[in-house]
Novice: 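The structure follows.
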2 protein chains.
Amino acid sequence: MTTSRPTLRDVAAAAGVSPMTASNALRGKTGVRESTRAKVLAAAKKLDYRINLTASMLKSGRSNIIHVIVNEFDSPFYSKLTQALSNEIVARGLIPFIEQTRYSADAATHALTTNPFSGQLFDGEIIHAWGLDAHVPVAALNGGRPFVLVDACEETPTLDAVNFPNEEGERAAAQLLIDHGCRNIAIVGHAFAERADLAHAQNAFGLRLRGACGAILDAGLPYDASAVFEAGSAADGITAGHAIARQILDARSGNTDALPPFDGVCCANDYAAFGVIRGLADHGIRVPQDVKVIGFDGVSCGSYATPSLSTVEVNLEQLAKYALDMLTARIEHQANGGNEDGETLPPSRAIIGYRIVERESTATRPSECSAHAL
Amino acid sequence: MTTSRPTLRDVAAAAGVSPMTASNALRGKTGVRESTRAKVLAAAKKLDYRINLTASMLKSGRSNIIHVIVNEFDSPFYSKLTQALSNEIVARGLIPFIEQTRYSADAATHALTTNPFSGQLFDGEIIHAWGLDAHVPVAALNGGRPFVLVDACEETPTLDAVNFPNEEGERAAAQLLIDHGCRNIAIVGHAFAERADLAHAQNAFGLRLRGACGAILDAGLPYDASAVFEAGSAADGITAGHAIARQILDARSGNTDALPPFDGVCCANDYAAFGVIRGLADHGIRVPQDVKVIGFDGVSCGSYATPSLSTVEVNLEQLAKYALDMLTARIEHQANGGNEDGETLPPSRAIIGYRIVERESTATRPSECSAHAL
DNA sequence: ATGAAAGCGCTAACAC
DNA sequence: GTGTTAGCGCTTTCAT
């Protein structure tokens with residue numbers, strides 16, 4: 001016969017009080033005499049009582065669980081984002097529930113709708129998943145639940161959102177290359193678009209391209225389709241790196257028809273930047289001696305890669321803080337019956353900070369190349 | 001006035017059946033007439049019914065949630081492990097709940113005990129967390145719940161466990177260096193220990209050292225404390241890389257007292273290997289031209305790093321399969337009342353497969369150095 | 001400050 | 001095949 005877990009009843013009986021008093025005592029509610037609370041806590045400890053959260057959640061309708069949706073776990077960026085969000089959620093006494101969609105819009109839709117956890121188990125949700133802006137009508141999926149969009153860049157501000165300094169950060173990245181003497185810069189990330197057409201960029205990569213081409217054009221440097229390579233992952237980055245290397249080698253070979261050789265590459269994320277460096281190395285092109293490369297995100301491995309990667313490091317701790325501030329505000333508001341009388345909280349928006357991190361991949365002097373910069 | 005979610009009652013009423021029939025129909029139970037099931041499903045769809053899992057879990061005592069505990073999210077190894085486990089769990093129709101302990105034995109203990117989710121909400125648990133073998137009495141913490149230990153290497157087989165091919169894999173790694181001509185191999189990972197003392201190695205790094213030193217000694221090559229560096233992370237790896245570089249430079253400088261220069265480095269994981277390469281580069285030592293380096297794990301970024309990293313790639317898909325087979329067997333066994341009459345399932349053990357992946361970091365000829373090997 | 005009653009939404013067990 | 005009953009363990013409400 002299995003002796004099953006003690007319930008609140010058992011604790012109450014052992015302490016000689018009612019279940020209600022035991023519940024209040026255990027949850028630290030005021031209005032319980034200290035001596036009574038002590039008795040209850042002692043009984044709970046003695047019995048090794050563990051609250052049954054399913055029962056608690058069923059009755060109270062609150063779970064303290066925050067749902068986090070990302071594209072995948074196994075990527076330098078998402079693993080860092082996940083860790084930052086998890087840390088902040090735990091620090092606030094909440095419980096993170098992290099799910100990956102593996103870049104599937106269907107999976108994202110499911111996570112937000114069909115999935116019975118959403119809206120019943122979770123107190124709030126934070127999502128950074130690809131393609132949401134274009135393919136998934138997020139605002140419609142979210143039935144007024146506490147919800148934060150990360151870097152979805154949607155233009156209609158109906159939801160709380162924390163965005164990255166996409167345009168400004170990538171502009172600064174391109175400017176760094178220019179300041180370091182680059183005059184023919186390749187851009188890796190979003191597909192080519194004219195500057196004017198980028199005014200309506202809807203996603204992060206579009207905004208980053210806007211920033212990079214802005215810096216380049218404003219400096220009087222060339223910007224055209226031959227210098228823009230579409231890539232978001234290391235695999236695509238390798239392909240881009242090969243193309244960039246070929247153009248450099250072609251120019252070196254003395255071919256008079258050759259395009260001028262690239263001397264800098266501005267990447268929309270670190271992941272692709274690693275691929276670009278890899279692709280360049282395949283053809284013997286060295287970074288930073290032959291070409292300088294800068295990424296975006298500030299992933300952890302950028303500091304211990306060889307060459308270490310210069311980047312636009314975004315402040316993910318700040319992102320997590322903002323997201324949870326927005327979420328908890330909405331959760332509290334709902335708990336106080338805020339939504340019942342039509343008084344909905346207006347949507348909040350925030351843009352997180354960044355800093356340019358200069359490492360080997362954009363170094364100008366050989367001595368800097370071997371200095372290990374964190 | 002907020003119109004709250006429809007319940008099973010509402011669906012049953014709309015379909016003109018009892019709640020029980022509706023429940024059975026929705027859960028795909030047999031013994032429901034097809035026409036009835038269709039009516040119920042239609043009603044559920046029309047009302048946008050979503051099952052309340054807290055209620056379901058409370059009543060049935062099953063959640064279909066698998067608890068996964070790892071040290072951290074933001075590391076190349078754990079992010080890959082997490083993704084593999086998550087994929088397999090989802091593929092089996094279960095729900096992964098992933099938690100990080102951040103290398104804290106306290107956090108691990110909490111995750112397994114104080115945490116009210118464990119043993120009440122979760123159907124099973126999979127843990128790969130550092131220090132569990134030595135500091136946390138896992139077997140005692142687990143109250144007979146379905147539970148799988150990943151690579152904890154504990155000697156008393158009281159729990160289900162999936163282990164890595166630690167000794168064998170690292171032996172193969174060292175052998176690769178030897179076969180490629182290395183004669184003075186540094187080992188990075190576990191602290192130095194005599195071969196005899198490693199007979200009782202209790203953790204993964206100890207076993208890996210046993211494998212490496214076995215290959216080296218059996219080949220008649222030197223193995224002593226001067227060639228062993230303790231490191232598990234990129235940061236430690238950089239320190240080790242600096243020390244290794246100094247010894248190489250010292251020997252090059254013609255100092256007659258100098259130790260022979262290292263020509264190979266066998267690392268206990270890829271994470272440290274990246275650090276070693278980084279540390280070597282800080283002193284201008286090139287990989288693989290000056291020293292060959294091999295890692296362990298087969299993390300994703302090893303293929304697109306520069307140099308790309310040779311490694312012992314362990315089969316994490318297989319790990320996930322084994323772990324879930326063990327878990328589901330135990331869950332089913334418990335559901336069938338297996339534990340009540342004292343018939344406990346004997347503990348299972350498995351060792352996952354590996355393959356040696358040769359990339360640039362151990363290449364012997366220059367031509368191989370620029371070939372991009374996946 | 002404490003307790004009694006009621007029920008959250010679902011499903012196991014049993015009747016019909 | 002379908003319906004009825006009962007209750008999982010907790011917390012909200014309201015009485016004392």
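Labels below follow one simple rule: chain letters A, B, ... track the order of the sequence lines, proteins then strands, and each chain is numbered from 1.
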Novice: Does a nitrogen or oxygen in the side chain of A:T21 sit under 4.0 Å from OP1 or OP2 of C:dG3?
Specialist: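 So the side-chain polar atoms of A:T21 do come within 4.0 Å of the phosphate oxygens OP1 or OP2 of C:dG3, strictly under.
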
Novice: Under 6.0 Å between ring centres, would you say that holds for B:H128 and B:F77?
Specialist: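 They qualify: ring centres under 6.0 Å apart.
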
Novice: From the set C:dG3, D:dG1, C:dT2, return the single nucleotide nearest to any side-chain atom of A:V32.
Specialist: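 Looking only at heavy atoms from C-beta outward on A:V32, the closest nucleotide is C:dT2.
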
Novice: State whether B:R145 and B:D123 are salt-bridged, where the test is any N-O pair (Lys NZ or Arg NE/NH1/NH2 against Asp/Glu carboxylate O) under 4.0 Å.
Specialist: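 So B:R145 does not pair with B:D123 through a salt bridge.
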
Novice: Taking the six-membered ring where the residue is Trp, are the ring centres of B:Y78 and B:F73 under 6.0 Å apart?
Specialist: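 Not under 6.0 Å, so no.
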
Novice: Rounded off to whole Å, could you give me the CG-to-P distance for the B:L26 and C:dG9 pair?
Specialist: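 Rounding to the nearest Å, CG of B:L26 and P of C:dG9 are 16 Å apart.
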
Novice: Residues two or more places apart in sequence or in another chain: which of them pass side-chain hydrogen bond (donor to acceptor under 3.5 Å, both in side chains) with B:D160?
Specialist: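 Expected list: B:R330.
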
Novice: Can B:E317 and B:K321 be counted as an ion pair, charged N to O under 4.0 angstrom?
Specialist: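 B:K321 and B:E317: not salt-bridged.
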
Novice: Detail all sub-3.5 Å separations between protein N/O atoms and N/O atoms belonging to nucleotides 9-13 of chain D.
Specialist:
| unit_1 | atom_1 | unit_2 | atom_2 | d |
| --- | --- | --- | --- | --- |
| D:dC10 | OP1 | A:Y49 | OH | 2.3 |
| D:dC10 | OP1 | A:N52 | N | 3.4 |
| D:dC10 | OP2 | A:L8 | N | 2.4 |
| D:dT11 | OP1 | A:S56 | OG | 3.4 |
| D:dT11 | OP2 | A:S23 | OG | 2.8 |

